[in-house]
Amino acid sequence: MSEKKHNEALNKADLEVASKMSAAGECPYRLKYHFMPPIGWMNDPNGFVQFDGEYHLFFQFNPYSSTWGPIHWGHATSKDLVIWKHQPVALAPSEFYDFSDDCIHGCASGCAVIDKGNLILLYTGHVETRSPMQVQCIASSNDGIHFIKNSYNPVIYSFPKDGSKDFRDPKVWRYQDSWYMIVGTKQDDIGKIVMYTSNNLLDWTYIGVTAESNGSQGDMWECPDLFPLNDRDILIISPIKNTKNLSPFYMIGNLDYKNNRFRHEIEQTLDYGFDFYAPQTMIDEKGRRILIAWMESWLSVKPSQKNGWAGAMTIPRILELDTDGYLRQKPLDELTRIRSNHKHMGPFEAENFRTLMDCGESVSETIVEFDLNKTTAKIFEFQVRCSQDGEERTVIRIDLLNNEISMDRDNAGCGEKGISKAPLPYCESGILKLHIFLDASSIELFINDGLCVITNRIYPQNDSIKCNIIPENGKVFICGIDNWTLCSIWE
Ligand code: DQQ
């Protein structure tokens with residue numbers, strides 16, 4: 001009975017996608033090698049997993065509009081995390097625990113696990129007008145494409161005594177012989193994660209609070225992720241802003257299963273850009289811990305909305321722990337497959353404004369290394385996506401006096417403005433390496449092999465493709481620049 005309702009809602013959503021798909025394709029801001037929805041609105045990545053050799057990415061999806069609305073789980077698969085194939089919608093609001101007549105909320109964020117050869121999705125059913133407002137649910141599939149909601153849903157109905165009605169985004173993993181689930185929540189304006197355990201994914205026992213904000217780390221913790229990396233555990237949180245302007249952060253520590261406590265020594269911002277939220281990780285069959293995030297932010301101007309779509313994912317990033325204990329995020333190796341048209345420049349010195357010919361294409365990858373030992377300028381800029389007259393530009397500014405690196409999009413086109421600032425990572429060798437991924441409406445900057453990352457959406461004109469280097473009061477020494485055009489992953 002309920003399967004019928006769900007299938008009807010899924011068919012309706014798929015028909016909507018099929019009928020509108022060509023419209024979005026016309027938009028100049030469609031990305032060439034980043035994942036994005038076929039049409040409609042997309043936010044958080046969900047259920048990121050490898051199943052039977054194939055990568056699956058689900059996402060918060062409203063097929064009916066380019067703004068947030070009745071939330072479905074969109075779905076795509078990939079053999080290499082580079083080329084994606086859109087699949088039928090996986091989950092649609094249809095039941096008392098995830099559907100309401102106002103149809104605003106629905107199947108909120110969650111994760112995927114594999115159990116007995118089935119692909120299992122765990123998600124939050126959100127009905128704003130009901131109490132409890134958010135409940136945890138489960139759906140399963142044996143072919144990885146068609147999902148049936150469990151008749152036992154919701155598998156967690158009430159929020160725990162340490163939480164509140166904001167109780168969402170389950171992340172589940174297996175440890176020894178049990179399943180563990182963390183869920184984001186809050187109480188008295190303190191963001192928290194709470195933990196449950198289960199033997200069968202259906203009956204869950206509450207354990208308690210695993211970690212919580214120290215008062216300045218957000219009043220609600222969304223989309224938690226907790227996983228081992230080498231001999232440490234990493235906890236990732238997307239906090240709702242409290243007094244500080246918080247973006248997703250990670251903590252490096254250890255999870256004490258016996259006492260259900262996560263203790264950490266290191267806390268860092270995951271990405272210093274404006275457009276990075278709800279990151280989710282998975283471990284693949286090669287043993288790599290891979291992260292992907294929503295490359296967008298809730299409140300920004302989104303120029304693509306008038307063309308019927310909004311939202312994109314970052315490129316996948318491999319997470320590694322450095323010998324000094326810090327986290328590095330490295331661009332997925334497989335992305336080198338879409339490189340073409342390689343150009344190399346350098347070494348050279350620049351003393352004045354200089355345009356780097358052949359280096360600013362709108363869909364490209366650039367690696368530039370500066371030798372800071374030989375550089376005398378204390379401040380210098382590397383500008384990308386510049387118009388011929390230089391009026392339009394996205395500015396990466398290196399400030400050696402204040403040990404700061406920033407990305408200024410005040411003149412970057414028709415999107416949101418603002419300057420993202422990050423501490424310049426320490427480099428003993430004196431070599432500063434910038435690894436820049438440009439797409440039609442995005443820039444991701446990896447600094448010193450991913451010790452620091454800045455991700456932003458930018459909306460320059462198509463022909464703003466110049467690249468300039470601008471030293472201030474001194475010389476900049478460039479060891480070399482490598483640049484590639486990147487090919488489209490979409491047919
Ligand atoms: N977005 C989802 C929630 C999550 C939030 C709803 C984070 O489940 O907490 O679309 O972006």
Side-chain angles (χ1 to χ4, degrees), residues 6-49 54-94 103 106-110 112 119 121 123 141 143-147 275 277-278 280 292-296 300 302-316 338 363 439-442 457 459 486-491:
H6 188 214
N7 284 337
E8 281 169 6
L10 290 172
N11 289 340
K12 192 171 161 224
D14 285 331
L15 283 174
E16 181 75 8
V17 174
S19 69
K20 302 255 177 75
M21 213 147 123
S22 51
E26 306 293 313
C27 176
Y29 305 122
R30 290 296 274 176
L31 296 147
K32 298 291 186 283
Y33 61 93
H34 285 83
F35 184 77
M36 61 190 165
I39 58 150
W41 164 273
M42 178 178 84
N43 56 289
D44 318 348
N46 295 148
F48 193 29
V49 76
E54 199 153 32
Y55 295 98
H56 290 250
L57 176 65
F58 301 83
F59 51 93
Q60 292 282 281
F61 182 41
N62 177 11
Y64 298 106
S65 152
S66 58
T67 56
W68 194 82
I71 278 294
H72 297 56
W73 275 37
H75 184 199
T77 52
S78 173
K79 294 201 183 329
D80 59 2
L81 289 168
V82 178
I83 313 274
W84 289 97
K85 182 173 176 212
H86 286 292
Q87 297 290 358
V89 175
L91 295 176
S94 64
C103 234
C107 305
S109 284
L119 180 53
L121 308 181
Y123 70 98
S141 166
D143 64 0
I145 302 294
H146 303 98
F147 291 87
D275 295 302
Y277 200 69
Q280 188 170 95
I292 198 162
W294 184 38
M295 188 168 63
E296 191 61 88
S300 59
K302 298 174 183 69
S304 67
Q305 279 176 320
K306 60 177 186 308
N307 293 86
W309 71 284
M313 296 298 173
T314 61
I315 57 168
I338 57 168
V363 182
D439 203 337
S441 56
S442 69
R457 299 302 296 276
Y459 297 88
L486 295 182
C487 305
S488 176
I489 62 161
W490 306 106
E491 277 170 10

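In what follows, every heavy atom counts, from backbone to side chain, and hydrogens, waters and symmetry copies are set aside. Position 1 is the first residue of the sequence; numbering continues from there.
For Pro63 against Val17, the heavy-atom pair with the smallest separation is CB-CG2, 4.0 Å. Across all non-hydrogen atoms, the minimal contact from Pro38 to Met21 is CB-SD, 3.9 Å. Taking each heavy atom of Val363 and Ala440 in turn, the nearest pair found is CG2-N, 4.1 Å. Here the shortest heavy-atom pairing between Asn43 and Met313 reads O-CE, 3.4 Å. Of all the heavy atoms in Pro316 and Leu81, the pair that sits closest is CG-O, 3.7 Å. The minimum heavy-atom distance linking Ala293 with Pro45 is given by the pair CA-CG, 4.0 Å.
Under the 30°/60° scheme for interplanar angles, the aromatic rings of His72 and Phe61 are found to stand perpendicular.
The backbone N or O of Thr67 lies less than 3.5 Å from a partner atom in the side chain of Asn62, making a donor-acceptor pair. A donor-acceptor distance shorter than 3.5 angstrom exists from the side chain of Tyr64 to the backbone of Ala13, with no hydrogens or angles considered. Put simply, the side chain of Thr314 never gets that close to the backbone of Met295: no donor and acceptor are under 3.5 Å apart. Side chain of Trp41 to main chain of Gln305: no donor-acceptor pair is present (N/O by atom type, distance under 3.5 Å, no hydrogens or angles). Trp73 places no side-chain N or O within 3.5 Å of a backbone atom of Ser109 that could act as its donor or acceptor partner. In this structure a side-chain-to-backbone donor-acceptor pair under 3.5 Å is present from Ser141 to His146. Between the side chain of His86 and the backbone N or O of Pro37 there is no donor-acceptor pair closer than 3.5 Å. With Asp14 contributing its side chain and Val89 its backbone, the two residues share a donor-acceptor pair below 3.5 Å.
In this structure, the side chains of Asp439 and Tyr33 come closer than 4.5 Å at one or more pairs of heavy atoms. By the 4.5 Å heavy-atom criterion applied to side chains, Lys79 and Glu54 are counted as neighbours. At least one side-chain heavy atom of Trp490 sits under 4.5 Å from a side-chain heavy atom of Met36. Residues Arg457 and Leu31 meet the side-chain proximity criterion, which asks for heavy atoms closer than 4.5 Å. Two residues are said to be in side-chain contact when any heavy atoms from C-beta on lie closer than 4.5 Å; Ile489 and His34 fail this criterion. Met42 places none of its side-chain heavy atoms less than 4.5 Å from the side chain of Glu296.
In this structure, the separation between CG on Leu91 and NE2 on His75 is 10.0 Å, given to the nearest 0.5 Å. Considering CG of Asn307 and CZ of Arg30, their distance stands at 9.0 Å, rounded to 0.5 Å. For the atom pair Cys27 SG and Lys306 NZ, the distance stands at 7.0 Å (nearest 0.5 Å). Atom CZ of residue Phe59 and atom CH2 of residue Trp294 lie 13.5 Å apart, to the nearest 0.5 angstrom.
The aromatic ring centres of Phe58 and Phe147 sit less than 6.0 Å apart.
A donor atom on one side chain and an acceptor atom on the other are not found under 3.5 Å apart for Asn46 and Gln280.
At least one test fails for Lys302 against the ring of Tyr29: distance under 6.0 Å to the centre or angle within 45° of the axis.
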Could you walk me through whether Lys20 and Trp309 pass the side-chain contact (heavy atoms from CB on, under 4.5 Å) check? CA-CA 10 Å; Lys20 302 255 177 75; Trp309 71 284; over 6 Å; no
